[in-house]
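Encoded as structure tokens, the structure appears first; notes follow it.
Only this structure's heavy atoms are used, side chains among them; waters, hydrogens and symmetry mates stay out. All ligand and atom numbering here is 1-based and tracks the order in the structure.
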Amino acid sequence: MSSSLESLKIGIIGFGPFAQFLAITLVKQGHTLSATSRSDHSELSSRLGINFFRDIETFLEFNNDVILLCTSIVSLSEVVKSIPFHLLKKPNTLFVDVLSVKIYPRDLLLQVLPESMDLLCTHPMFGPESGRDGWHGLPFVFDKIRIRDQDICSRFLQIFEQEGCRMVEMSCEEHDKQAARSQFLTHTIGRVLSEMDIKSTSMDTKGFQTLIQLKESTVKDSFDLYSGLFIHNKLAQQELKNLELALQTVKQRLLDRMEIE
Ligand code: NAP
């Protein structure tokens, strides 16, 4: 077997909905998984064949090749600052984050991680809903921030290549710029539609059905996730202003037209 197909020991910090979704595929590919989290996920972990540790100390002693950070955006700082890094067995462990914003975790991790640890910032652009039937063709965005052990890094990236993801290497800056105008906008419109409580009618158009689907899929993600997209991406804050302005412009056009009728 070539080294690129060897299985990895992956430790997950933050075993919420997204980590659980990723874990199913990681286990299927033959990787050895362990996890720790704020809440007790030991029952589900044991069903998935994953070692779950309530305390981070024992978790860190597991000698992982990769530590995958899957906590919410808003809790990342608290979580990483509580990691006792000196307990890590491998001095050059690869840290990977999957947060839906990228400049924020990169800067925070560069501050907090010991210099000897490698860092790969990623954003799988799919989740339990959109990746339910497989990851083929779905974008996987990544930025190699500090990689010295190329072998471990490429073996980690191969997890997603093997599932047919579209691999997109991109700077964290470019990611946040594009995500603010796409993902954040999508979530915001979905949340607005949910606030309006739109419901299917007996005469739905295709367009309206798309809006219903959008509403239903966005509210499945936690408010922590959505607020993290806003709080930790300055460009998202600008996009919200642009959206408000655009709504006012459209409304004004209608009012102007009404006046000349
Ligand atoms: P989330 O609400 O963003 O995060 C849930 C996770 O954060 C859980 O593991 C939870 O731990 C942990 N957490 C929350 N507050 C905490 C605190 N104060 N201290 C310690 N841990 C805390 O939901 P998610 O969908 O699972 O997303 C996880 C990460 O993946 C996020 O960074 C998100 O941006 C990213 N992501 C999500 C998707 C998606 O489709 N959902 C796609 C790509 C990337 P417990 O479970 O132990 O309570």
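Looking at D149, N64, D65 one by one, the single match for side chain to side chain donor-acceptor pair (under 3.5 Å) with K90 turns out to be D65. Considering E174, R181, H175 as possible partners of Q178, the one that fulfils the side chain to side chain donor-acceptor pair (under 3.5 Å) test is E174.
Closer than 4.0 angstrom to ligand 1 by heavy atom are G14, F15, G16, P17, F18, S37, R38, S39, H41, C70, T71, S72, I73, S75, E78, V79, V98, L99, S100, H123, P124, F126, G127, P128, D221, S222, D224, L225, sorted by chain and number.
Note that OG1 of T93 and CG of N63 are 8.0 Å apart. Values are rounded to the nearest 0.5 Å.
By the 4.5 Å heavy-atom criterion applied to side chains, S100 and F184 are not counted as neighbours.
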Quick one, Q238 with N242, criterion side chain to side chain donor-acceptor pair (under 3.5 Å). Give me CA distance, side-chain angles, the key distance, then yes/no. CA-CA 6 Å; Q238 184 55 49; N242 293 346; 3.1 Å; yes
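Between K220 and E216, none of the side-chain N atoms (NZ, or NE/NH1/NH2) sits under 4.0 Å from a carboxylate O, so this pair counts as no salt bridge.
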